[in-house]
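Please read the structure below before turning to the comments.
Atoms within a ligand are numbered from 1 in the order they appear, just like the ligands themselves. Side chains are part of it too, since the values below use all heavy atoms of this structure and drop only hydrogens, waters and symmetry mates. Numbers here simply count residues along the sequence, with the first being 1.
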Amino acid sequence: MSDQRTAIVTGAARGIGAGVAKRLSRDGFAVAIFDLEEAAGKPVVEEIEKAGGRALAVGVDVGDEQGVTQAVDRVVEELGAPTVLVNNAGITRDNLLFKMTTQDWDAVMTVHLRGAFLMTRATQKYMVDAGWGRIVNLSSTSALGNRGQANYAAAKAGMQGLTKTLALELGKFGVTANAIAPGFIETEMTVATAERMGMSFEDFKAMGVADIPVGRVGQPEDIAATVSFFAREESGFVSGQVVYVAGGPRA
Ligand code: NAP
């Protein structure tokens with residue numbers, strides 16, 4: 001048990017993050033479920049434990065510097081030093097530019113970029129000490145530009161620049177950094193987008209599928225499989241990459 005590696009997945013109470021956490025547990029990692037509310041992460045922990053894995057739910061806002069430090073300290077004490085980090089926590093505050101408030105801009109930058117920065121800075125020393133680490137950042141096809149998402153597109157493009165810089169700085173310590181840019185994934189985030197657009201989720205999905213070469217929308221497991229690849233021992237020569245997981249070149 002003592003040589004088991006520990007992974008932290010942010011925003012892991014539901015959606016893509018929950019799928020990633022369960023997959024990393026099946027891959028043999030102890031997994032910390034970071035989300036705003038500790039209680040929200042508990043069902044994922046229970047599912048992992050029921051399947052024989054080790055997990056811990058931690059309530060933390062990834063944009064809160066002190067909170068992040070305390071949360072990572074708790075993981076070190078209760079699960080072990082984290083050497084895998086998946087920066088997945090995310091929010092949308094969509095609006096056309098002329099209607100986008102400064103708060104909408106700041107909220108999105110805080111969770112995605114400040115959150116990934118704080119989390120990575122707080123965990124990198126454990127990876128450097130171990131001479132091994134895996135960082136996976138969630139970008140999006142929206143990084144290529146998306147109407148109504150000036151804030152989100154900028155943040156998701158920023159995640160790609162952050163990833164490449166982490167790869168450059170941390171490579172010599174055995175740490176890789178890669179980004180995944182999902183297309184349409186069926187989660188509460190896309191359900192909320194459909195609601196905002198005044199469409200049923202079924203109609204919204206059908207509209208999405210029409211533009212996706214493989215002819216279906218994605219599931220959290222599709223992203224989890226890609227995280228699993230990056231986290232693997234034999235993926236140590238793959239770093240600074242952005243993989244679009246979108247059922248085609250882009251969704
Ligand atoms: P989701 O279902 O909305 O889940 C996001 C999770 O992050 C929620 O549990 C949320 O907690 C948590 N979270 C939000 N702000 C946080 C904060 N400050 N600190 C800690 N946790 C926080 O979203 P998803 O669809 O799984 O998306 C996961 C990631 O993939 C995001 O980065 C998203 O931008 C990206 N992505 C998603 C899609 C897609 O189609 N779904 C496509 C491209 C990229 P609460 O429930 O308490 O709000």
(message) To the closest 0.5 Å, what do you measure between CZ (Phe229) and CG (Asp27)?
(response) 12.5 Å
(request) Give the cluster check for Ile33 versus Val136: same hydrophobic cluster or not, with ILVMFWY residues linked at side-chain heavy-atom distances below 4.5 Å. (result) yes
(message) Using modelled atom types and a 3.5 Å cut-off, is there a donor and acceptor pairing between side-chain atoms of Asp35 and backbone atoms of Ala40?
(response) no
Return a table of donor-acceptor pairs under 3.5 angstrom between the side chains of residues 156-166 and protein atoms on other chains or two or more places apart.
| residue | atom | partner | partner atom | Å |
| --- | --- | --- | --- | --- |
| Lys156 | NZ | His112 | ND1 | 3.0 |
| Lys156 | NZ | Leu138 | O | 2.8 |
| Gln160 | NE2 | Ser139 | OG | 3.0 |
| Gln160 | NE2 | Tyr244 | OH | 3.1 |
| Thr163 | OG1 | Asn137 | ND2 | 3.0 |
| Thr163 | OG1 | Met159 | O | 2.6 |
| Lys164 | NZ | Gly240 | O | 3.2 |
| Thr165 | OG1 | Gly161 | O | 2.9 |

(message) Please tell me whether Ile223 and Ile91 are part of a single hydrophobic cluster in this structure, the criterion being side-chain heavy atoms less than 4.5 Å apart.
(response) no
(message) When you group the ILVMFWY residues by side-chain heavy-atom contacts below 4.5 Å and let the links chain together, are Val86 and Val242 in the same group?
(response) no
Would you mind writing out a table of all protein N or O atoms found under 3.5 Å from any N or O atom of ligand 1, naming both atoms and giving the distance to 0.1 Å?
| residue | atom | partner | partner atom | Å |
| --- | --- | --- | --- | --- |
| ligand 1 | 2 (O) | Arg14 | NE | 3.0 |
| ligand 1 | 3 (O) | Arg14 | NH2 | 2.8 |
| ligand 1 | 9 (O) | Asp35 | OD1 | 3.3 |
| ligand 1 | 9 (O) | Asp35 | OD2 | 2.6 |
| ligand 1 | 11 (O) | Asp35 | OD1 | 2.7 |
| ligand 1 | 18 (N) | Asp61 | OD1 | 2.8 |
| ligand 1 | 19 (N) | Val60 | O | 3.4 |
| ligand 1 | 19 (N) | Val62 | N | 3.1 |
| ligand 1 | 25 (O) | Thr187 | OG1 | 2.5 |
| ligand 1 | 26 (O) | Ile16 | N | 2.8 |
| ligand 1 | 32 (O) | Asn88 | O | 2.7 |
| ligand 1 | 32 (O) | Lys156 | NZ | 2.9 |
| ligand 1 | 34 (O) | Tyr152 | OH | 2.5 |
| ligand 1 | 34 (O) | Lys156 | NZ | 3.2 |
| ligand 1 | 36 (N) | Tyr152 | OH | 3.4 |
| ligand 1 | 40 (O) | Gly183 | O | 3.3 |
| ligand 1 | 40 (O) | Ile185 | N | 2.9 |
| ligand 1 | 40 (O) | Ile185 | O | 3.3 |
| ligand 1 | 41 (N) | Ile185 | O | 3.3 |
| ligand 1 | 41 (N) | Thr187 | OG1 | 3.2 |
| ligand 1 | 46 (O) | Arg14 | NH1 | 2.8 |

